[in-house]
Amino acid sequence: MAAEDTTSVTLTWALSLLLNNRDTLSKVHQELDVKVGKDRLVVTESDTKSLVYLQSIIKETLRLYPAAPLSLIHEAIEDCTVNGYHVSAGTLLITNLHKIHRDPLIWANPSKFQPERFMTTHKDVDVRGQNFELIPFGSGRRMCPGLSFALQNLSLILANVLHWFEFETSLDEAVDMREAPGLTCSKATPLEVYVTPRLPAFVYNSSN
Ligand code: HEM
């Protein structure tokens, strides 16, 4: 599993989702204004812990667009029974994370981008492999060892770019959300955005 690729595709989906859901984009900008402030350039790791809406956006992005939609292939090393199904030793198992994450029995409006669900109905659901309805990093002994590093990077990078810039698409068009086939869930078309500064000019000349 490529570490850089998974992080960059997740960030691209997050930004695409925000551009197609401007209310959410405004709300996360408001959160940054209140918790970080427009007179400071760098959002730090300790800031990101209090950015609960931003964290919900990351979870919702990983739910809708898990970077490895079919996870990695696993092989049963011995005969076992899982949930009433007999699995013989040697069976290759592919877990369809994309499908699990959009199960209508678990998720209301499963294909809708609703970060608020992680502050209300699903506030106790995390991505760390303990809640089987949301397992973008897999679960168990062979789950992604880069999970904490990835979550830290996703929060820091997304918080900083959102804090620094306003984002627009050409002619205000909606972002094309089609997915490209492949092991990693990337966009079928590149994301093109226009950025403009959103902080006062003096802040960009400071080093904090
Ligand atoms: C958004 C970011 C990422 C996502 C969604 C992700 C997801 C996954 C998934 C689903 C697996 C398969 C787990 C399984 O077999 O059950 C995996 C495995 C793996 N990931 Fe990640 N990953 C991410 C970032 C990273 C990063 C940053 C690193 C390293 C710094 C990393 C290193 C690995 C490695 C080495 C494995 C193979 C583990 C094994 O087979 O024992 N991943 N990842």
Side-chain angles (χ1 to χ4, degrees), residues 1-19 21 24 28 43-45 48-49 51-78 80-83 85 87-103 106-107 110-111 113-115 117-118 122 125-162 175 177-188 190-191:
M1 190 101 332
E4 275 172 52
D5 200 26
T6 46
T7 306
S8 66
V9 298
T10 306
L11 287 167
T12 308
W13 284 119
L15 206 48
S16 306
L17 285 161
L18 290 170
L19 281 161
N21 293 273
T24 312
V28 70
V43 185
T44 63
E45 209 180 306
T48 59
K49 295 194 176 70
L51 298 171
V52 284
Y53 196 57
L54 180 107
Q55 302 298 346
S56 303
I57 289 171
I58 292 172
K59 280 188 190 175
E60 184 70 338
T61 304
L62 288 166
R63 182 183 74 81
L64 288 169
Y65 299 99
L70 296 177
S71 189
L72 294 183
I73 299 176
H74 289 252
E75 181 177 347
I77 51 173
E78 55 191 42
C80 58
T81 302
V82 181
N83 211 13
Y85 292 94
V87 181
S88 313
T91 305
L92 297 181
L93 297 168
I94 298 174
T95 319
N96 189 338
L97 305 184
H98 196 277
K99 191 97 177 152
I100 292 172
H101 291 181
R102 293 178 187 230
D103 182 348
I106 306 269
W107 307 98
S111 298
F113 178 61
Q114 288 177 336
R117 65 175 96 234
F118 290 108
H122 292 75
V125 175
D126 206 350
V127 291
R128 294 179 177 272
Q130 300 302 310
N131 304 109
F132 299 133
E133 61 272 51
L134 185 67
I135 45 170
F137 295 95
S139 179
R141 232 184 333 181
R142 297 300 295 269
M143 74 181 290
C144 177
L147 178 150
S148 294
F149 180 65
L151 287 177
Q152 227 166 50
N153 269 342
L154 289 171
S155 306
L156 263 184
I157 300 170
L158 190 62
N160 276 288
V161 294
L162 291 175
V175 176
M177 300 300 278
R178 280 174 303 159
E179 295 162 45
L183 282 182
T184 313
C185 165
S186 50
K187 270 175 95 287
L191 174 65

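The residues of the chain are indexed from 1 along the displayed sequence. Atoms within a ligand are numbered from 1 in the order they appear, just like the ligands themselves. Quick caveat, the model's predicted, so the values are computed rather than measured.
With sequence neighbours excluded, no residue forms a side chain to side chain donor-acceptor pair (under 3.5 Å) with Ser56.
Every atom of ligand 1 with a heavy atom of Ser71 under 4.0 Å away is listed here by number and element: 10 (C), 12 (C), 13 (C), 14 (C), 15 (O), 16 (O). Of all atoms in ligand 1, numbered sequentially from 1 with element shown, those under 4.0 Å from a heavy atom of Ala67 are 5 (C). Listed by number with element, the atoms of ligand 1 under 4.0 angstrom from any heavy atom of Phe149 are 27 (C), 30 (C). Within ligand 1, counting atoms from 1 as listed, the ones closer than 4.0 Å to a heavy atom of Thr10 are 1 (C).
For Thr6, heavy-atom contacts with ligand 1 shorter than 4.0 Å involve the backbone as well as the side chain.
Between Ile57 and Phe118, every side-chain heavy-atom pair lies at or beyond the 4.5 Å cut-off.
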Can you give each donor-acceptor pair under 3.5 Å made by side-chain atoms of residues 129-141, sequence neighbours left out, with the distance rounded to 0.1 Å?
residue, atom, partner, partner atom, Å
Asn131, OD1, Asp126, N, 2.9
Ser139, OG, Gly129, O, 2.8

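Formation of a donor-acceptor pair under 3.5 Å by the Arg102 side chain with backbone atoms of Leu64 is found in this model.
Summarising the contacts of atom 33 (C) of ligand 1 with Pro136, Gly140, Pro145, the nearest heavy atom is found in Pro145.
One finds the NZ atom of Lys49 at 8.0 Å from the OG1 atom of Thr44 (value rounded to the nearest 0.5 Å).
More than 12 heavy atoms of other residues, nucleotides or ligands shown are found within 6.0 angstrom of CG on Leu92.
Ligand 1 is approached by His74 to a heavy-atom distance shorter than 4.0 Å.
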